[in-house]
Amino acid sequence: MTSTPATQKQIPVQVFGGPTALIEFGGLRFLTDPAFDAPGDYPIGGGRVLTKTAPASADPADLGPLDVVLLSHDEHPDNLDHSGRALLAGVPLVLTTRSGAGRLGGTARGLAPWESVDLPRPDGGSLTVTATPAQHGPEGCEPVSGEVVGFVLTAADLPTVYVSGDNASLALVEQIAERFGPVDTAVLFAGAARTGLFDGALLTLDSAQAAEAAEILGARRVVPVHFDSWTHFSEGREVLVAAFTAAGLRDRLQLG
């Protein structure tokens, strides 16, 4: 019997709404940006709020044991809410930004862009998580929007997975593709997020940019997240499908 080539293996990804997805990779269970609170208004300072419009499709208690949380940043309630913070206490490892790890404490470990950590696998092998740069808004946004990271998951016998985090820069996607491309699965934070910051400039990729990112990365599969359940996500499912169809990439788009 011959083994299945790494490029043909399907990495399970289950999306729960907003930015939250469960990725099973190398026998470990990774959860992205946990946000499970009920719909409502969530303050973000300065008298501003983010409004959640729909509940997550699962409850944290239903997820089962988690090995790692991949947290792009801790400062916004659409990426880490009250339920998500409670969940972190029961997770052996939380990988996030350096500043976020300082605020969170506990099992949080901060990674600088391009810094890696090797994790043991249940089968006795190992896998690598590498932090990738992300830009949560226009150039120079960090003092206002905060530090954000994405992640790449790699292993010798498994296809590569990229988790973008809240990133609005295709130039950074090009850097990631140069180091890790082609990737098999790209979990892209899309939705064309906009708020009153930066005169409504994009805080994440819009749908057309997500399709362009897929091409840059050479991604076989794109799992979009962060495009529903909040009013500041300005482009939803229909726009995503239209953009990927226009780019000739509809067959790469995996929507739940």
Side-chain angles (χ1 to χ4, degrees), residues 13-25 28-112 115 117 119 129 131-132 134 136-137 142-151 153 163-167 187 189 191 193 195 197 203-204 225-233:
V13 181
Q14 185 177 2
V15 179
F16 302 115
T20 309
L22 179 66
I23 304 168
E24 298 181 52
F25 187 85
L28 299 181
R29 305 178 82 237
F30 295 83
L31 190 73
T32 65
D33 289 15
F36 295 96
D37 284 355
D41 291 338
Y42 292 87
I44 56 173
R48 296 177 294 122
V49 299
L50 297 180
T51 300
K52 188 172 186 177
T53 59
S57 63
D59 185 89
D62 301 328
L63 299 180
L66 300 170
D67 297 292
V68 184
V69 165
L70 302 175
L71 179 61
S72 68
H73 59 301
D74 67 304
E75 296 176 277
H76 300 146
D78 60 317
N79 297 89
L80 181 67
D81 59 14
H82 302 296
S83 298
R85 289 177 186 274
L87 177 147
L88 297 186
V91 179
L93 178 63
V94 178
L95 297 176
T96 189
T97 64
R98 293 163 295 178
S99 59
R103 286 184 292 268
L104 292 169
T107 62
R109 174 173 175 176
L111 295 177
E115 185 178 358
V117 57
L119 302 179
V129 181
T132 58
H136 197 6
E142 288 79 8
V144 177
S145 59
E147 185 183 14
V148 181
V149 292
F151 304 92
L153 309 181
V163 179
S164 73
D166 277 357
N167 173 54
V187 180
F189 287 43
T195 68
L197 294 176
L203 304 179
T204 59
V225 297
H226 200 273
F227 66 89
D228 59 9
S229 306
W230 293 83
T231 58
H232 63 290
F233 300 168

Keeping to residues at least two apart or across chains, list the side chain to side chain donor-acceptor pair (under 3.5 Å) pairs with something in residues 56-66.
none
Would you find a donor on one side and an acceptor on the other, under 3.5 Å apart, between the side chain of Thr204 and the backbone of Phe189?
no
Counting N and O atoms only, with roles assigned by atom type, does the side chain of Arg98 sit under 3.5 Å from a partner on the main chain of Arg109, one being a donor and the other an acceptor?
no
For residues 99-106, run the donor-acceptor check on the side chains, cut-off 3.5 Å, and write out each pair with its distance to 0.1 Å, sequence neighbours left out.
{"residue": "Ser99", "atom": "OG", "partner": "Arg103", "partner atom": "NH2", "Å": "3.3"}
{"residue": "Ser99", "atom": "OG", "partner": "Glu147", "partner atom": "OE1", "Å": "2.6"}
{"residue": "Arg103", "atom": "NE", "partner": "Asp74", "partner atom": "OD1", "Å": "3.3"}
{"residue": "Arg103", "atom": "NE", "partner": "Asp74", "partner atom": "OD2", "Å": "2.9"}
{"residue": "Arg103", "atom": "NH2", "partner": "Asp74", "partner atom": "OD1", "Å": "2.7"}
{"residue": "Arg103", "atom": "NH2", "partner": "Glu75", "partner atom": "OE1", "Å": "3.4"}

Could you check whether any side-chain heavy atom of Ile23 comes within less than 4.5 Å of a side-chain heavy atom of Val187, counting everything from C-beta outward?
yes
What ring-ring contact (aromatic ring centres under 6.0 Å, His included) pairs are there with at least one residue in residues 39-68, not counting sequence neighbours?
Tyr42-Trp230
Would you say the side chain of His226 lies within less than 4.5 Å of the side chain of Asp78, judging by non-hydrogen atoms?
yes
Phe16 and Leu63, any side-chain heavy atoms less than 4.5 Å apart:
yes
For Phe36 versus Ala58, what's the shortest heavy-atom pair and its separation?
CD2-O, 3.3 Å
Taking C-beta and beyond as the side chain, do Leu88 and Val69 meet within less than 4.5 Å on heavy atoms?
yes
Residues forming a salt bridge (Lys or Arg N to Asp or Glu O under 4.0 Å) with Arg85, sequence neighbours excluded
none
Under a 3.5 Å threshold, yes or no: a donor from one side chain and an acceptor from the other, between Asp166 and His76?
no
Is it the case that the side chain of Ser72 and the backbone of Gly150 share a donor-acceptor pair, with hydrogens and angles ignored and the cut-off at 3.5 Å?
no
Can you check whether Leu119 reaches Val117 side chain to side chain, under 4.5 Å on heavy atoms?
yes
Sequence-distant partners of Thr132, side chain to side chain contact (heavy atoms under 4.5 Å, CB included), two or more places apart:
Trp114, Val152, Tyr162, Ile176
Who passes side chain to side chain contact (heavy atoms under 4.5 Å, CB included) against Ala38, sequence neighbours left out?
none
To the closest 0.5 Å, what do you measure between NE2 (His82) and CG (Leu87)?
14.5 Å
So Leu95 and Val129, side chain to side chain contact (heavy atoms under 4.5 Å, CB included) or not? Walk me through it.
CA-CA 9 Å; Leu95 297 176; Val129 181; 3.7 Å; yes
Quick one: side-chain hydrogen bond (donor to acceptor under 3.5 Å, both in side chains) partners of Thr231, sequence neighbours excluded?
none
With sequence neighbours left out, what residues match Asp41 under side-chain hydrogen bond (donor to acceptor under 3.5 Å, both in side chains)?
Thr51
Between Gly18 and Asp228, the two heavy atoms sitting closest are N-OD1, 2.9 Å
Looking only at heavy atoms, what is the nearest atom pair of Thr97 and Val149, with distance?
CG2-N, 3.8 Å
Apply the side-chain contact (heavy atoms from CB on, under 4.5 Å) test between Pro34 and each candidate in Leu66, Leu80, Asn79; give the one that qualifies.
Leu80
Least distance between heavy atoms, Thr96 atom then Leu71 atom:
OG1-O, 2.9 Å
Angle class for the Phe25/Phe30 ring planes (parallel below 30°, perpendicular above 60°, tilted otherwise)?
perpendicular
Those residues at least two apart in sequence (or on a different chain) that pass side-chain hydrogen bond (donor to acceptor under 3.5 Å, both in side chains) with Asp67 are none
Set of side chain to side chain contact (heavy atoms under 4.5 Å, CB included) partners for Ala54, sequence neighbours left out
Ser229
For Pro77, the option from Asp37, Leu50, Val49 that meets side-chain contact (heavy atoms from CB on, under 4.5 Å):
Leu50
Sorted by chain and residue number, the salt bridge (Lys or Arg N to Asp or Glu O under 4.0 Å) partners of Asp33 (sequence neighbours excluded) come out as none
Work out which heavy atom in Ala112 is nearest to a heavy atom in Ala131; give both atom names and the distance.
O-CB, 3.4 Å
By side chain to side chain contact (heavy atoms under 4.5 Å, CB included) - contacts of Ala35 (at least two apart)
Pro19, Thr20, Asp81
